[in-house]
Amino acid sequence: MWTACDVDRLRRMVERDKNHPSIVMWSLGNESHTGRNLAAMAAWTRDRDPSRPVHYEGDHACEYVDVYSRMYASHAEVEQIGRERTHGIPFVLCEFAHAMGNGPGGMLEYRELFERYRTVQGGFIWEWIDHGLEVDGHYAYGGDFGETIHDGNFVIDGLVFPDRTPSPGLLEFAKVFEPVRITGTAGGIRVESFYDHVPLEHLRFEWVYEVDGVEVAAGSLAVPPVPAGEHADLPVPEVPAAEGEGWLTVRARLANPTSWADAGHVIAWGQIAVAEPEPVSPIGGVELVGVGDVLWLGPGEFDTATGLLTRLGDHPVDGPRLDLWRAPTDNDRGSDNPEEKAWRDAGLHRLQHRVIEVGVQETALVVRTRVAPPSRGFGMFADYRWTADGDRLRLQLSVTPDGEWPCTLPRLGLRMALQADTVEWFGAGPGEAYADSRQSVRIGQFQSTVDALQTPYVFPQENGNRTDTRRLRLGGVQISGEPVFDFTARRWTSEDLDAARHTNELEPRDRVYLNLDLAQHGLGTASCGPGVLPQYRLHAQKASFAITFQTL
């Protein structure tokens, strides 16, 4: 009985928009099941405009559409579709990579599937903007206005924040789907075009060579007008010899201004490792000195009862000690079996630390602990082995699971507290990155305030992680990895972040809380879609990593 009304709705849309060249296909609607009325809409549209295909996700059998469409299909499902539907109509993800909060993770793996299978065309990220309303210096969402029926923060699911500033998710999206790919080969540099029509004449290429994050040379790279879909192989520019870890960064910029960006806007970039880092010199051995309830080992002062580091040179510190918790992300809270629920059911948000032994082995201070949630039969043995040499203090953390763990781990690393305002690091940056969302960062030397390291997600959650850190300086302390570590630094604890529901609820404390991590669980897109891919899931297993502290 509603056929005429449904067809009329589509007729008005087609007649209104038919002359817009940006319209590449017609969609019958969204999430309206299927039936003869939709088939009638498709027939009318195809008769009126045979030049454009017809799309509708609800027609899973593809009886009246020209595109096979799904929303939030997992990577495994997309791969199966690519393998099985090698001929016929194209497949499109009408929604994927749900951009809610910290994420989406796994975009690179989707791109690889799009490129691997001819009939898998790509997809449309949901969605563009966080629908938050500014109220008293923060952004509000469903339920903040006294309404009883609402979607909470499920409207906060875009690639840009409510004020239109890009989120880390947008930067990751831009990098993963950049139209030019710059990579290293055995013989030099490959510049590959993923444009469909235009050659690369509209771009200029430049390079910079950095050693340990410091620029030592730069220049222009002569790239021929590579046709669409083709590539060019070029030699690596001659760079001066220098001791340290060398990285060549090549950027493709707009040669001329356009209607949407100025000349010089970066379209694509790539990094190539040129020189390996120098090996870390070993830590020798100095004797421990103990007086009363204090132990000294090199520049470190320790509590004899707990084995905790309390001072580093002139700098008071608290910790470090094993940390497994993070403030759950929107994706951690999603799906029918959310990671957050499993973590809380396991008690990972209220771990307790029991000191088994504080002892001396030759010139090392060894602290053995067991870390576990209360009244549970599983936990982690955490062994801290401290050695010193002059002004260097080295910590090797070794963890061994105890009992049968029922869930993944949010993170695996150390947490400590100290005084700091600014941060400088040599590693991946300048923005945040996680195991399955790290394409948009590059290796370099970066600096920031502690406050600027935070990503202001409308609904507070884990954020600000910097990866592949070789060297970190903050609060008069330098921390070096063997070879790398991740870090976050913030003026509130993970528990504060977990408890907040709006950014204005985060109150700075009098110290900076620093996480030094071996790994974190991936992000995924389980807020509406698949969870974390298996290779990015963090499980309880035996592990060890080392860092070295120095005072500046």
Side-chain angles (χ1 to χ4, degrees), residues 107-108 111-112 114-115 166 168 170-278 425-431 433 437-447 467-468 470 484:
M107 279 194 285
L108 174 64
R111 188 202 75 190
E112 291 171 345
F114 299 160
E115 294 176 355
L170 181 59
L171 302 181
E172 181 78 359
F173 171 76
K175 176 60 180 169
V176 169
F177 293 99
E178 61 190 0
V180 179
R181 203 164 300 159
I182 303 167
T183 55
T185 65
I189 303 169
R190 173 163 291 184
V191 177
E192 189 171 6
S193 171
F194 285 83
Y195 284 106
D196 290 322
H197 303 289
V198 299
L200 300 187
E201 294 171 313
H202 65 296
L203 301 176
R204 58 179 171 86
F205 292 78
E206 61 187 29
W207 60 269
V208 60
Y209 182 58
E210 296 171 315
V211 176
D212 288 344
V214 178
E215 181 179 325
V216 296
S220 298
L221 187 67
V223 177
V226 179
E230 302 294 333
H231 71 267
D233 289 325
L234 309 167
V236 173
E238 291 187 12
V239 296
E243 292 185 357
E245 184 176 355
W247 286 85
L248 182 75
T249 305
V250 179
R251 294 179 175 87
R253 299 181 180 270
L254 285 177
N256 298 298
T258 69
S259 60
W260 54 272
D262 295 331
H265 177 76
V266 176
I267 296 296
W269 61 271
Q271 271 198 319
I272 301 165
V274 175
E276 295 294 323
E278 296 179 351
W425 74 99
F426 174 42
S437 179
R438 57 186 302 158
Q439 304 307 308
S440 63
V441 295
R442 59 183 176 83
I443 303 300
Q445 182 79 24
F446 307 99
Q447 51 187 324
T467 59
D468 292 332
R470 282 81 163 149
V484 298

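Since the structure is predicted, the reported quantities are computational estimates derived from the model, not experimental observations.
- With a 6.0 Å radius and a threshold of 12 heavy atoms from other residues, nucleotides or ligands, Q447 has its CD atom at or below the threshold.
- One finds the CG atom of L108 at 13.5 Å from the CZ atom of F173 (value rounded to the nearest 0.5 Å).
- For P168, the side-chain contact (heavy atoms from CB on, under 4.5 Å) criterion is met by F161, E432, T455, Y457, not counting sequence neighbours.
- Distance check, rounded to the nearest 0.5 Å: CE of M107 to CZ of F114 gives 10.5 Å.
- Here T185 contributes atom OG1 and I272 contributes atom CD1; the two are 7.5 Å apart, rounded to the nearest 0.5 Å.
- Under the side-chain hydrogen bond (donor to acceptor under 3.5 Å, both in side chains) criterion, R251 pairs with no residue, sequence neighbours left out.
- Partners of E230 according to the side-chain contact (heavy atoms from CB on, under 4.5 Å) rule, which considers only residues two or more places apart in sequence or in another chain, are V226, P227.
- In terms of the side-chain hydrogen bond (donor to acceptor under 3.5 Å, both in side chains) criterion, residue partners of Q445 (sequence neighbours excluded) are, by chain and number, E424, R471.
- Within the structure, the salt bridge (Lys or Arg N to Asp or Glu O under 4.0 Å) test picks out the following pairs touching residues 196-206 (sequence neighbours left out): R204-E206, E206-R253.
- Judged as a side-chain hydrogen bond (donor to acceptor under 3.5 Å, both in side chains), and not counting sequence neighbours, T467 has no contacts.
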For a quick test of your reading: what N or O donor-acceptor pairs under 3.5 Å do the side chains of residues 212-220 make, sequence neighbours left out?
{"residue": "D212", "atom": "OD1", "partner": "E245", "partner atom": "N", "Å": "2.9"}

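- The nearest pair of heavy atoms linking R470 to D468 is NH1-O, 2.8 Å.
- Considering only residues two or more places apart in sequence or on other chains, F446 meets the side-chain contact (heavy atoms from CB on, under 4.5 Å) condition with W425, P430, R442.
- Shortest non-hydrogen contact noted between G431 and V441 is O-CG1, 3.5 Å.
- For R190 (side chain) and G188 (main-chain N/O), no donor-acceptor pair under 3.5 Å exists by modelled atom type.
- For the atom pair CZ (R181) and CD (E115), the distance works out to 4.0 Å, reported to the nearest 0.5 Å.
- At a threshold of 4.5 Å between non-hydrogen side-chain atoms, the residues P224 and V191 do not count as touching.
- Within the structure, ring-ring contact (aromatic ring centres under 6.0 Å, His included) pairs that include any residue of residues 234-273 comprise W260-H265 (at least two apart or interchain).
- Checked against side-chain contact (heavy atoms from CB on, under 4.5 Å), S440 has the following partners two or more places apart in sequence or in another chain: L171, E172, K175.
- With a 4.5 Å cut-off on side-chain heavy atoms, P237 and I189 count as touching.
- Among residue pairs with one or both ends in residues 190-225, those qualifying as ring-ring contact (aromatic ring centres under 6.0 Å, His included) are Y195-H202; sequence neighbours excluded.
- Minimum interatomic distance between A261 and L254 (heavy atoms only, all atoms of both residues): CB-CD1, 3.7 Å.
- The minimum heavy-atom distance between A255 and A263, with the atom names listed, is O-CB, 3.9 Å.
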